[in-house]
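To start, the structure itself, in C-alpha cells.
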Amino acid sequence: MCQQQLVQLHQNLDELDGMDVNMYILSNDLPEQQLELYQALEQEFGKSVDFVSDTNLEVADLFGMKNGEVAYRGYGMLDTEGNVVFKTVNDHWGEEFDQSIEEIKEEYDKLTN
C-alpha cells in the first residue's frame with residue numbers, strides 16, 4: 001500500500017462530506033502494521049479512515065482487484081447488499097484525487113437517485 005496515497009486521501013476527506021457511506025482502507029498488511037499507520041494518520045490529521053485487514057485478499061478478489069499475492073491499487077464501492085457497484089484500478093488515484101472523487105460521487109449519485 002502506498003502511504004502517500006493515504007496521506008492524499010486524508011488531506012481531502014472533506015471532499016466526501018455529505019455522502020452517507022462507510023469508508024474503509026483495505027490492505028493485506030497485518031492488523032498490527034495497519035494500527036501503526038492508522039495512528040500516524042490520526043495524529044497528523046485528527047482522524048483516520050478505518051483499516052480492514054484482507055490478508056487472504058478475499059475482498060480484493062470480490063472487487064476483481066486481486067493481482068497474484070497482492071491487490072491492485074484503486075478504489076471501489078459496494079451497495080447495501082454487498083454487490084460491487086464499480087471499481088477502478090489506478091496506482092495514482094491519490095495524485096489524481098480530483099478525478100477519483102468525481103468518479104466516486106458520480107457512482108454514489110447513481111445509487112442514491
Between CG on residue Leu26 and CZ on residue Arg73, distance to nearest 0.5 Å: 14.0 Å
- prompt: Between Gln99 and Trp93, is there a donor-acceptor pair closer than 3.5 Å when you use the side chain of the first and the backbone of the second?
  reply: no
- request: Flag the pair Leu30 / Gln33 as yes when at least one side-chain heavy-atom distance between them is below 4.5 Å, and no otherwise.
  value: yes
query: Side-chain contact, heavy-atom cut-off 4.5 Å: Phe86 with Lys110?
result: no
- prompt: Hey, are the side chains of Tyr108 and Val85 touching, using non-hydrogen atoms and a 4.5 Å cut-off?
  reply: no
- prompt: Is a side-chain N or O of Asp79 found less than 3.5 angstrom from the main chain of Asn83, in a donor-acceptor match?
  reply: yes
- request: With rounding to the nearest 0.5 Å, note down the distance linking CG in Asn90 to CD in Glu103.
  value: 9.0 Å
query: Are any non-hydrogen side-chain atoms of Leu16 and Met23 less than 4.5 angstrom apart?
result: yes
- prompt: So, does Tyr72 use its side chain to make a donor-acceptor pair with the main chain of Gly64 at under 3.5 Å?
  reply: no
Output side-chain donor-acceptor pairs under 3.5 Å for residues 52-59, partner residues at least two apart or in another chain, one line each.
residue, atom, partner, partner atom, Å
Ser53, OG, Asp29, O, 2.9
Asp54, OD1, Leu57, N, 3.4
Asp54, OD1, Glu58, N, 2.8
Asp54, OD1, Val59, N, 3.2
Asp54, OD2, Val59, N, 3.1
Asp54, OD2, Ala60, N, 2.9

- request: Report yes if the side chains of Phe63 and Val89 come closer than 4.5 Å at any heavy-atom pair, otherwise no.
  value: no
message: Any non-hydrogen side-chain atom of Ile25 less than 4.5 Å from a side-chain atom of Asp50?
response: no
task: State, to 0.1 Å, how close Glu69 and Asn28 come at their nearest heavy-atom pair, and which atoms those are.
output: O-ND2, 3.5 Å
message: Between Gln43 and Ala40 (side chain of the first, backbone of the second, donor and acceptor by atom type, cut-off under 3.5 Å), is there such a pair?
response: no
- prompt: Shared ILVMFWY cluster between Val70 and Leu6, side chains joined below 4.5 angstrom?
  reply: no
query: For Gln5 and Leu9, what are the C-alpha separation, side-chain angles and deciding distance, and is it a side-chain contact (heavy atoms from CB on, under 4.5 Å)?
result: CA-CA 6 Å; Gln5 303 283 347; Leu9 169 65; over 6 Å; no
query: Do Leu62 and Val84 come close enough that some side-chain heavy atom pair is under 4.5 Å?
result: yes
task: Tell me, with the steps shown, if Tyr75 and Ile101 meet side-chain contact (heavy atoms from CB on, under 4.5 Å).
output: CA-CA 10 Å; Tyr75 52 91; Ile101 193 64; over 6 Å; no
query: What are the two closest heavy atoms between Met65 and Thr88, and how far apart are they?
result: CE-O, 3.6 Å
Inter-residue atom distance Leu111.CG - Met77.CE, 0.5 Å rounding: 6.0 Å
task: Carefully, step by step, assess Glu44 and His10 under the rule side-chain contact (heavy atoms from CB on, under 4.5 Å).
output: CA-CA 9 Å; Glu44 177 71 24; His10 284 79; over 6 Å; no
- request: Before giving the answer on side-chain contact (heavy atoms from CB on, under 4.5 Å), spell out for Leu13 and Phe45 the whole-Å C-alpha distance, their side-chain angles and the decisive distance to 0.1 Å.
  value: CA-CA 10 Å; Leu13 275 177; Phe45 298 102; over 6 Å; no
field: Glu15 backbone acceptor or donor facing Asn12 side chain under 3.5 Å
entry: no
task: Could you grab the distance from atom OG of Ser48 to atom CD of Gln39, nearest 0.5 Å is fine?
output: 9.5 Å
query: For Glu42, does the CD atom sit with more than 12 other heavy atoms under 6.0 Å from it, leaving out its own atoms?
result: yes
query: Any side-chain heavy atom of Glu106 within less than 4.5 Å of one from Glu102?
result: yes
- request: Mark yes or no for whether Lys87, through its side chain, and Gly74, through its backbone, hold a donor-acceptor pair below 3.5 Å.
  value: no
